[in-house]
Amino acid sequence: MSQEVENIQPSYPLFRNDEYKENLANKRALYEERHPQEQIDEVFEWTTTKEYQELNFNREALTVNPAKACQPLGAVLCALGFEKTMPYVHGSQGCVAYFRTYFNRHFKEPVACVSDSMTEDAAVFGGQKNMMAGLENAKALYNPDIIAVSTTCMAEVIGDDLNAFINNTKKAGHVEQDYPTPFAHTPSFVGSHTTGWDNMFEGMIKYFTLNHMDDKKVGSNNKINLVPGFETYLGNFRVMHRMLKEMGVDYSLLSDPSEVLDTPADGTFRMYAGGTTQAEIKDAPNAIDTLLLQPWQLEKTKKFVQTVWNQPATAINIPMGLEWTDQFLMKISELTGKPIAASLELERGRLVDMMTDSHAWLHGKKFALYGDADFVMGMTKFLLEVGAEPSDVLCNHANKRWLKAMNKMLSESPYGVNTQVHIGRDLWHFRSLMFTNKPDFMIGNSYGKFIQRDTFYKGEEHEVPLIRIGFPIFDRHHLHRMTTLGYEGAIYMLTTLVNAVLEQLDKETKGMGTTDYNYDLIR
């Protein structure tokens, strides 16, 4: 069963070797107590029916693959966006190992994050001792300028008070009184990764600005603040920098992890790289306005900006696709008095040209999609712009106001009148819809692969191909560097969508002399 040095093989095709097939067959026969294949196929077939879908959608006491992650995951990503900041999770070591692994697999980068390793005794007596030792050790070992503290389920269930624990740690002399330690309570059993990002960001700006507002004046620095929210496409940070620089706008991008999550392989390890500086955070209340790029996931941030910074937090939609990017740039121009750059007008024109070129292939195609609230809304808007038809749209952690806004947007387009929007549902619900309301494609993260394989198992004619746009993307490389915002992002998404359609066409028309009547290669 051992590998050979001269012929190292990955799991495929290694597990197709006879010795592995025999081993797996013995395991199945001797230990699994498996039902007969006929019964398995019968149950599988039933799960693809309308009857099962109705039972599935009446399910109340079980979630199967929820299409979201937990709060502290979002808190960690938020903290990584600030200069020389160490994310610190008050909870068990296993939780932090999960967060780091999740981001490792998506970004293909090492991710710095520490835990104070709460175990059974802390679960009974509280984790203050862990906090005292943890903050002291993290500062001594990793020399961050900021330690951003969040929590996991264990700490929240027993009611640990982060404010009291951090203050007691400072009073005991484990870290200096003025050492920056913003924090957020991020219980994993409510909310989602987007909630955790919002909570941590509020904790960050509260720490640096709440008690320092006396000399602040809205508009005095002539800047615009941008808040990205839980954003995992590194190109989206870069496209924001580029567009505003081309317009000559002074701005601060508050939480930017694009450097630390995309460091070069040049022989130097960078635990910290880039990120929003403390000076930018402290100066943020002086901006003209703060624009929330993903407003549906930033409710606490919006409230803080409006009530403490006294800025309007002018309402915008996520700048995805043509119209909403137009609106975003026009709002920037209105707020700053800066004209939209000629280079961006050219880029817009190229996007319109591409949309015209691809319209014939995308028009009428049906797409089902799932993901976070702002992303899903932006992607749906873009599908409508290119003449595609969203069939089913699922967001597990969206609210009823979002649902109302989605249905209003869909009702205003002839391509959206038949779309069904689902909130509070999981990917097992989504799986049912792929059988009973078969679209041409689905759009989502890597977990959709299992759904695609299930549809293929029913028969090739039932297969629903997955287009990977979202988070996490584990089974493809380098997509996290791509862009979904602005005209540049729309160009990437359009390219991805139309080529998926053409790839599927090639797959369906490769029979020599039987189906290969597409004349795209005629001289």
Side-chain angles (χ1 to χ4, degrees), residues 1-5 7-70 73 92-102 104-106 120 153-154 188-189 368 370 394 396 425-438 442 444-466 468 470-477:
M1 303 293 286
S2 61
Q3 292 266 29
E4 298 177 3
V5 174
N7 185 25
I8 298 294
Q9 296 181 341
S11 58
Y12 180 83
L14 181 65
F15 288 172
R16 303 309 300 158
N17 292 347
D18 289 339
E19 55 185 338
Y20 280 97
K21 290 197 290 185
E22 181 181 353
N23 180 273
L24 292 171
N26 289 337
K27 174 178 174 290
R28 177 177 296 177
L30 297 174
Y31 303 110
E32 289 186 3
E33 299 182 3
R34 193 170 184 265
H35 291 291
Q37 186 63 44
E38 295 78 10
Q39 185 177 355
I40 294 173
D41 289 340
E42 180 183 352
V43 172
F44 173 88
E45 188 65 29
W46 177 59
T47 66
T48 71
T49 63
K50 191 72 176 178
E51 176 192 15
Y52 180 83
Q53 180 190 311
E54 292 175 0
L55 292 172
N56 190 15
F57 272 70
N58 287 325
R59 167 166 50 93
E60 295 180 354
L62 177 69
T63 296
V64 183
N65 206 347
K68 65 175 182 179
C70 61
L73 185 84
S92 70
Q93 179 62 38
C95 291
V96 172
Y98 158 67
F99 307 145
R100 294 180 66 186
T101 301
Y102 217 73
N104 290 154
R105 294 164 67 198
H106 178 80
E120 290 84 351
C153 296
M154 181 189 297
S188 302
F189 43 79
Y370 60 90
L394 182 144
N396 180 282
R425 302 296 185 178
D426 57 40
L427 289 186
W428 194 253
H429 295 111
F430 192 80
R431 175 187 180 275
S432 282
L433 296 168
M434 295 307 95
F435 288 109
T436 60
N437 191 20
K438 181 184 181 301
M442 56 180 157
N445 61 29
S446 289
Y447 292 114
K449 174 188 282 191
F450 298 113
I451 301 174
Q452 177 178 350
R453 288 180 174 180
D454 276 5
T455 59
F456 178 74
Y457 187 78
K458 183 178 174 69
E460 192 169 354
E461 69 277 14
H462 298 282
E463 183 178 11
V464 181
L466 170 65
R468 290 163 175 80
F471 171 82
I473 305 295
F474 290 153
D475 59 337
R476 295 293 185 272
H477 279 220

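Note: hydrogens, waters and symmetry copies are ignored here, and every other heavy atom, side chains too, is used.
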Could you check whether any side-chain N or O of [X] sits under 3.5 Å from a backbone N or O of [Y], counting only pairs where one atom can act as donor and the other as acceptor?
X: His462; Y: Phe456; answer: no
X: Tyr102; Y: Pro472; answer: no
X: Ser188; Y: Cys70; answer: no
X: Thr49; Y: Trp46; answer: yes

Hey, which of Val464, Asp454, Ile451 is the one that makes side-chain contact (heavy atoms from CB on, under 4.5 Å) with Phe435?
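It is Asp454; the other options fail the test.
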Quick check on Phe450: does its CZ atom have over 12 non-hydrogen neighbours (other residues, nucleotides or ligands) under 6.0 Å away?
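Result for CZ/Phe450: open.
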Hey, is CD on Gln37 packed in by over 12 heavy atoms from elsewhere, all under 6.0 Å?
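Correct, the count exceeds 12.
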Given Tyr370 and Asn445, is the side chain to side chain donor-acceptor pair (under 3.5 Å) satisfied, shown in steps?
CA-CA 8 Å; Tyr370 60 90; Asn445 61 29; 3.2 Å; yes
Least distance between heavy atoms, [X] atom then [Y] atom:
X: Ala97; Y: Thr101; result: O-OG1, 2.7 Å
X: Gly470; Y: His106; result: O-CE1, 4.2 Å
X: Leu14; Y: Tyr20; result: O-CD1, 3.4 Å

Under 4.5 Å between any side-chain heavy atoms of [X] and [Y], yes or no?
X: Asn65; Y: Arg431; result: no
X: Asn396; Y: Arg425; result: no
X: Phe57; Y: Leu433; result: yes

Begin with the C-alpha distance, continue with both residues' side-chain angles, and end with the deciding distance and a verdict on side chain to side chain donor-acceptor pair (under 3.5 Å) for Thr63 and Asp426.
CA-CA 7 Å; Thr63 296; Asp426 57 40; 4.6 Å; no
How long is the straight-line distance from CE of Met434 back to NZ of Lys458, given to the nearest 0.5 Å?
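Between Lys458 NZ and Met434 CE, I get 14.0 Å after rounding to 0.5 Å.
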Can you tell me which residue among Glu33, Glu22, Glu32 is in a salt bridge (Lys or Arg N to Asp or Glu O under 4.0 Å) with Lys27?
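Only one option passes, and that is Glu32.
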Mutual orientation of the aromatic rings belonging to Tyr52 and Trp428 [parallel < 30°, tilted 30-60°, perpendicular > 60°]
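The arrangement is perpendicular - the two ring planes meet at more than 60°.
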